[in-house]
Amino acid sequence: MNDLNLPIHIGIIMDGNGRWATKRGLKRSEGHKEGAKTLKKLCIYLNKRGIKYLSLYAFSTENFKREENEVNYLMDLFIQLFKTEFNTLKKENIKVIFSGRKEPLKDEVWLSMQTITNETKDNTGCILNICLNYGSQFEIADTTKRICQMYINKEISLDTIDPVFIQKNLYQDLPPLDLVIRTGGEMRLSNFMLFQASYAELFFTNTYFPDFNEKELEEILTTFLKRNRRFGGN
Ligand code: IPE
Ligand code: IPE
Ligand code: MG
């Protein structure tokens with residue numbers, strides 16, 4: 001495969017954990033636990049594969065609508081991942097950053113996010129952007145507020161505001177998404193990186209996230225390389 005044309009930035013909407021578990025007569029939380037294993041495996045694989053940026057949709061602002069039990073389970077899982085399980089990612093030279101809002105995350109979750117960010121800040125491998133308590137519409141609103149404040153402070157003029165400037169002022173300054181994969185069979189973006197995905201190639205698979213693996217990922221990459229990306233040209 002011609003690695004030169006591999007995507008620079010991949011986004012994954014990790015969906016289907018609940019259905020994976022229900023299908024097996026297990027609690028939804030078991031699906032999230034399995035999903036976390038898949039997440040770690042994929043990060044390590046894509047880092048080795050030379051992918052520079054990986055954005056993972058872990059928890060949306062809308063996911064707070066779920067039952068308290070499930071939300072609490074997920075928050076505890078995140079703490080466990082960032083405090084201990086991500087040690088392997090740290091050793092693999094992966095740099096962890098986050099996109100999302102602070103409120104209403106519990107302090108312990110927020111602290112565990114800061115810890116892993118600090119511990120991996122000097123790593124030079126894949127930049128793993130975890131979208132947690134993330135919603136693209138909130139991101140655009142928060143960015144708009146920040147830019148308005150700069151204008152009020154007379155730090156910028158109206159002419160400063162163009163697409164590149166907006167991109168640089170999103171939660172994280174990342175290159176555009178080249179490829180977005182959604183597992184779990186739904187064909188929608190569910191408020192995931194709408195600005196960044198403007199020209200991304202979209203792939204939807206019926207595989208539930210816990211079952212998603214390197215082999216299927218490679219098949220998607222092979223198809224990605226055959227797509228004709230025109231960016232509005234001809
Ligand atoms: C994705 O799996 C994980 C999160 C949204 C946190 P789901 O929990 O949405 O699983 P399904 O879609 O109900 O199967
Ligand atoms: C999208 O999955 C959010 C994450 C994967 C974190 P959802 O399961 O929340 O999306 P909908 O509700 O099916 O659109
Ligand atoms: Mg879902």
Side-chain angles (χ1 to χ4, degrees), residues 9-43 46 53-82 85-86 96-106 108-110 112-113 116 128-142 170-172 174 177 179-197 200 202-213 216-217 220:
H9 188 181
I10 299 180
I12 305 182
I13 303 173
M14 309 182 290
D15 197 24
N17 290 349
R19 281 165 287 162
W20 180 92
T22 308
K23 203 176 89 181
R24 287 166 173 74
L26 303 168
K27 287 189 285 183
R28 289 176 59 84
S29 53
E30 291 300 316
H32 295 313
K33 197 157 93 184
E34 278 306 305
K37 288 185 198 161
T38 304
L39 176 162
K40 268 178 55 184
K41 217 171 50 183
L42 289 179
C43 292
L46 284 171
Y53 298 90
L54 175 62
S55 287
L56 296 181
Y57 205 6
F59 193 90
S60 73
T61 41
E62 290 74 29
N63 286 148
F64 274 108
K65 291 180 196 159
R66 295 189 180 194
E67 277 182 22
E68 207 183 326
N69 270 346
E70 182 169 350
V71 172
N72 287 341
Y73 182 88
L74 280 164
M75 293 301 146
D76 288 343
L77 185 62
F78 292 140
I79 294 169
Q80 192 195 328
L81 281 177
F82 306 147
E85 302 248 345
F86 268 30
V96 182
I97 59 174
F98 290 91
S99 290
R101 300 191 124 195
K102 185 170 189 298
E103 296 302 327
L105 291 175
K106 292 200 179 106
E108 205 186 345
V109 180
W110 188 250
S112 70
M113 290 159 69
I116 190 69
L128 170 61
N129 172 44
I130 302 178
C131 298
L132 202 167
N133 192 21
Y134 174 87
S136 188
Q137 291 177 339
F138 268 124
E139 178 177 41
I140 291 168
D142 289 341
L170 294 170
Y171 290 143
Q172 297 288 352
L174 301 171
L177 282 161
L179 164 64
V180 172
I181 302 166
R182 180 171 186 144
T183 61
E186 312 293 355
M187 293 203 229
R188 52 180 175 249
L189 292 175
S190 302
N191 210 6
F192 179 66
M193 301 187 100
L194 305 179
F195 188 93
Q196 298 89 330
L202 307 179
F203 283 78
F204 299 97
T205 164
N206 288 329
T207 306
Y208 295 141
F209 187 68
D211 287 334
F212 190 66
N213 58 24
E216 196 173 357
L217 186 60
I220 291 174

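Reckoned from all heavy atoms, side chains included, excluding hydrogens, waters and symmetry mates. Quick note: residue numbers are just sequence positions, from 1. Quick caveat, the model's predicted, so the values are computed rather than measured. Just so you know, ligand 1 is whichever comes first in the structure, and atom 1 is the first atom listed for that ligand.
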Which residue is it: Thr183, Leu189, Ile181, Leu202? I am looking for the one with a side chain to side chain contact (heavy atoms under 4.5 Å, CB included) to Ile13.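 It is Leu189; the other options fail the test.
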of all protein heavy atoms, closest to atom 14 (O) of ligand 2 is Ser190 OG, 2.6 Å
Identity and separation of the nearest protein heavy atom to atom 1 (C) of ligand 1: Met14 O, 2.9 Å
Is Gly18 close to ligand 1, meaning an N/O of one under 3.5 Å from an N/O of the other?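 Yes, Gly18 has an N/O under 3.5 Å of an N/O on ligand 1.
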For the pair Glu30 and Lys33, find out whether any cationic side-chain nitrogen is under 4.0 Å from an anionic carboxylate oxygen.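 Salt bridge between Glu30 and Lys33, a charged N being under 4.0 Å from a carboxylate O: yes.
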Shortest non-hydrogen separation from Trp20 to Asp211 and the atoms involved: NE1-OD1, 3.0 Å
Which atoms form the tightest heavy-atom contact between Asn17 and His32, and what is the distance? ND2-ND1, 3.2 Å
Separation between [atom1] of [X] and [atom2] of [Y], rounded to the nearest 0.5 Å:
| X | Y | atom1 | atom2 | value |
| --- | --- | --- | --- | --- |
| Glu216 | Thr207 | CD | OG1 | 3.5 Å |
| Arg28 | Thr22 | CZ | OG1 | 6.0 Å |
| Leu217 | Phe203 | CG | CZ | 10.5 Å |

Do Ser190 and Arg182 have side chains that approach each other closer than 4.5 Å (heavy atoms only, starting at C-beta)? yes
Judged by non-hydrogen atoms, does [X] sit under 4.0 Å from ligand 1?
| X | result |
| --- | --- |
| Ala21 | no |
| Gly184 | no |
| Glu186 | no |

Atom 12 (O) of ligand 2 protein-contacted, heavy-atom criterion under 4.0 angstrom: no
Taking atom types as modelled, find out whether Tyr53 and Asn129 have a side-chain donor-acceptor pair closer than 3.5 angstrom. no
Where's the contact between Phe59 and ligand 2, heavy-atom distance under 4.0 Å: side chain, backbone, both or neither?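 The backbone, only.
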Is it the side chain (CB and beyond), the backbone, both or neither of Ala58 that lies under 4.0 Å from ligand 2, heavy atoms counted?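 The backbone, only.
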With heavy atoms only and a cut-off of under 4.0 Å, state how Thr22 meets ligand 1: side chain, backbone, both or neither.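 It is neither part, as no heavy atom is under 4.0 Å.
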Location of contacts on Ser60 toward ligand 1, heavy atoms closer than 4.0 Å: neither
Is it the case that more than 12 heavy atoms not belonging to [X] sit under 6.0 Å from its [atom1] atom?
| X | atom1 | result |
| --- | --- | --- |
| Phe138 | CZ | no |
| Glu62 | CD | yes |
| Glu108 | CD | no |

Report the member of Arg66, Lys65, Arg188, Arg19 with the shortest heavy-atom distance to atom 7 (P) of ligand 2.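 Heavy atom nearest to atom 7 (P) of ligand 2 belongs to Arg66.
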Give yes or no for whether the N/O distance cutoff of 3.5 Å, strictly under, is met between Asp15 and ligand 2.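 By distance alone, the answer is yes.
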Answer yes or no: does an N/O atom from Asn63 fall short of 3.5 Å to an N/O atom of ligand 2? yes
Only heavy atoms of [X], strictly under 4.0 Å: list the atoms of ligand 1 that pass.
| X | result |
| --- | --- |
| Leu74 | 6 (C) |
| Arg28 | 7 (P), 8 (O), 10 (O), 13 (O) |
| His32 | 3 (C), 8 (O) |

Is it the case that the ring center of Phe59 lies less than 6.0 angstrom away from the ring center of Phe64?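 Ring centres of Phe59 and Phe64 closer than 6.0 Å.
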May I ask you to list the protein N, O or S atoms found at less than 2.8 Å from the Mg ion (ligand 3)? Asp15 OD1
Could you tabulate the donor-acceptor pairs under 3.5 Å formed by side-chain atoms of residues 72-81, not counting sequence neighbours?
residue, atom, partner, partner atom, Å
Asn72, OD1, Lys106, NZ, 3.4
Asn72, ND2, Glu68, O, 3.4
Gln80, NE2, Glu85, OE2, 3.3

